[in-house]
Amino acid sequence: MSEHRSRKDAVRNREAVLAAADTLFARRENAEDVTMAEVAAAAGVGKGTLFRAFGDRAGLLRALYEARLEPLGAAVGTGPPPLGPDAPPAERVPALLDALLRFKLDNRALALALEDGDASPYRTEHYAHWHALLRTLLERVPVAADSGFTAHVLLAAIRADLVEHLAGPGGLGREELRARLAELVGTVLTPVPPVPVPVPVPVPVPGSGSGSGSAGG
């Protein structure tokens with residue numbers, strides 16, 4: 001088999017696996033219920049092929065997550081305002097966080113499985129990407145005292161486990177959750193009026209008054 005043919009087969013197998021995994025994860029409420037054997041069978045490939053392509057289950061989850069993120073990444077990278085690069089930072093920050101929240105809501109099981117994995121979600125490539133972008137935007141909004149810390153805090157508000165908790169049974173509806181996030185982001189981006197510095201008032205010292213006695217002549 002030629003090297004070119006081998007690469008084509010690898011690409012085709014990868015696409016088949018991602019399509020099969022996407023279908024299986026969409027059908028299950030809990031991503032943990034989907035096994036690697038099921039994915040391999042649905043894709044029409046051997047388990048060895050699956051593990052060679054993705055390494056392990058976490059690798060497959062990351063690849064599928066990143067594939068689903070591609071449209072959002074394209075909108076942020078080259079799309080029109082308010083997500084695209086031509087939007088003012090004060091408009092782009094809330095639009096970006098709203099888009100990420102909607103993505104988490106649309107992919108709750110997958111996002112939760114990925115962020116609850118063995119590896120820290122803060123060390124993943126996609127988290128580093130969104131954090132760096134938010135930090136850069138916040139540096140251009142004068143209200144953020146520490147843009148890196150503020151970016152972490154805002155991303156924490158849309159962590160998959162928190163979204164699952166808030167949007168679970170009896171929780172907040174989709175639009176209400178988006179409104180609460182918008183309110184939070186608006187508060188963070190709203191300039192705080194400076195607090196006036198109090199002027200010290202001199203405290204009179206006992207016995208130092210002008211009528212405390214000059215001697216009579």
Side-chain angles (χ1 to χ4, degrees), residues 1-79 83 96-134 155-169 171 173-174 177-178 181:
M1 182 183 294
S2 69
E3 184 179 348
H4 177 69
R5 173 68 180 276
S6 178
R7 285 199 301 269
K8 285 183 64 176
D9 287 346
V11 171
R12 184 172 63 249
N13 287 340
R14 181 181 177 85
E15 290 174 349
V17 167
L18 288 176
D22 190 59
T23 300
L24 288 169
F25 281 116
R27 289 176 180 171
R28 308 284 174 85
E29 289 187 7
N30 189 345
E32 296 298 325
D33 293 339
V34 179
T35 67
M36 295 289 274
E38 283 182 290
V39 174
V45 302
K47 286 180 66 177
T49 299
L50 181 59
F51 281 100
R52 280 193 299 274
F54 299 98
D56 55 17
R57 177 187 175 82
L60 174 60
L61 287 173
R62 284 193 297 272
L64 181 56
Y65 191 85
E66 289 163 7
R68 290 186 180 181
L69 261 177
E70 284 179 2
L72 176 56
V76 171
T78 60
L83 276 177
L96 174 60
L97 288 162
D98 179 67
L100 287 170
L101 173 61
R102 286 185 284 117
F103 178 84
K104 296 283 183 78
L105 288 168
D106 292 338
N107 299 275
R108 281 166 60 182
L110 180 59
L112 190 62
L114 184 64
E115 293 186 14
D116 277 355
D118 294 334
S120 168
Y122 303 109
R123 294 191 176 96
T124 60
E125 184 176 346
H126 66 85
Y127 184 89
H129 170 74
W130 297 125
H131 179 267
L133 176 57
L134 268 178
L155 287 172
I158 55 170
R159 267 187 57 98
D161 52 356
L162 179 60
V163 170
E164 182 65 25
H165 173 71
L166 294 175
R174 181 186 183 92
L177 193 53
R178 291 178 64 196
L181 177 65

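Below, all heavy atoms of this structure are taken into account, side chains as well, without hydrogens, waters or symmetry copies. This structure is a prediction, so every number in the text was calculated from the model and none was measured.
- Side chains of Leu134 and Leu97 form a contact here, defined as non-hydrogen atoms less than 4.5 Å apart.
- Listed for the Asp56 side chain is a donor-acceptor partner under 3.5 Å among the backbone atoms of Gly59.
- A salt bridge is absent between Lys104 and Asp161; no separation between the charged side-chain nitrogens and carboxylate oxygens falls under 4.0 Å.
- The two residues Gly168 and Arg108 make their nearest non-hydrogen contact at CA-NH2, 3.9 Å.
- The side chain to side chain contact (heavy atoms under 4.5 Å, CB included) test with Glu15 singles out one residue from Leu18, Val17, Asn13, Val11, and that residue is Val11.
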(request) Report the C-alpha separation of Leu112 and Arg159 in whole Å, then their side-chain angles, then the decisive distance to 0.1 Å, and conclude whether the side-chain contact (heavy atoms from CB on, under 4.5 Å) test is met. (result) CA-CA 8 Å; Leu112 190 62; Arg159 267 187 57 98; over 6 Å; no
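- With sequence neighbours excluded, the residues satisfying salt bridge (charged side-chain N to carboxylate O under 4.0 Å, His left out) with Arg178 are Asp98, Glu175.
- In this structure the side chain of Leu100 reaches within 4.5 angstrom of the side chain of Leu155, judged on heavy atoms.
- For the pair Gly73 and Trp130, the tightest heavy-atom approach, listed with the atom from each and the gap, is CA-CH2, 4.4 Å.
- Residues Phe54 and Arg62 are not in side-chain contact: their nearest non-hydrogen atoms beyond the backbone lie 4.5 Å or more apart.
- The shortest distance between side-chain heavy atoms of His129 and Leu69 does not fall below 4.5 Å.
- Judged purely by atom type and a 3.5 angstrom limit, Thr49 has no side-chain atom pairing as donor or acceptor with the backbone of Val45.
- Below 30°, between 30° and 60°, or above 60°: for Tyr65 and Phe103 the angle between ring planes is above 60°, a perpendicular geometry.
- Partners of Asp22 by salt bridge (charged side-chain N to carboxylate O under 4.0 Å, His left out), not counting sequence neighbours, listed by chain and number: Arg68.
- What you find for Arg174 and Asp106 is that their closest heavy atoms are NH1-OD1, 3.0 Å.
- Considering every non-hydrogen atom in both Leu105 and Ala167, the closest pair reads CD2-CB, 3.9 Å.
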